[in-house]
Amino acid sequence: MTRIAAKRIHGDDFSTSKPQSSPFNVFKQWYDEAVRLDGDVEVSKCTLATATPDGVPSNRVVKLTQWDLRGFQFQTHKESRKAKEIKGT
């Protein structure tokens, strides 16, 4: 989480009183603000949570490479445990 995201969550300026039409609109606002304040390097890092077929959770940091209304794209190695958990194998 970037410093600005942490500030917005814990500060007085964080508000959920204005519902958005799409969670992507909310993400875009937060992402654009974080890039403006912190730069693009740290902002592109995010945590991805997956689970094994047995339901054992796992988290790791990935690099967000792009996103649009269809979803999020990030970098990972195709043979990694993370990729296998995403595939459900």
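Remark: Tyr31 OH to Cys46 SG distance equals 9.0 Å, nearest 0.5 Å. Note that NZ of Lys28 is 10.5 Å distant from CG of Leu69, once rounded to the nearest 0.5 Å.
Not counting sequence neighbours, the partners of Gln66 by the side-chain contact (heavy atoms from CB on, under 4.5 Å) test are Gln73. Looking at residues two or more places apart in sequence or on another chain, you find a side-chain contact (heavy atoms from CB on, under 4.5 Å) between Asn59 and Thr47, Ala49. The ring-ring contact (aromatic ring centres under 6.0 Å, His included) search around Phe24 returns Phe72, not counting sequence neighbours.
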Evaluation steps, side chain to side chain donor-acceptor pair (under 3.5 Å), between Arg60 and Ser80: CA-CA 12 Å; Arg60 74 269 307 147; Ser80 69; over 6 Å; no

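With hydrogens and angles disregarded, a donor-acceptor distance shorter than 3.5 Å links the side chain of Asp68 to the backbone of Arg70.
When Val61, Leu64, Val62 are each tested for a side chain to side chain contact (heavy atoms under 4.5 Å, CB included) with Lys45, only one passes: Val61.
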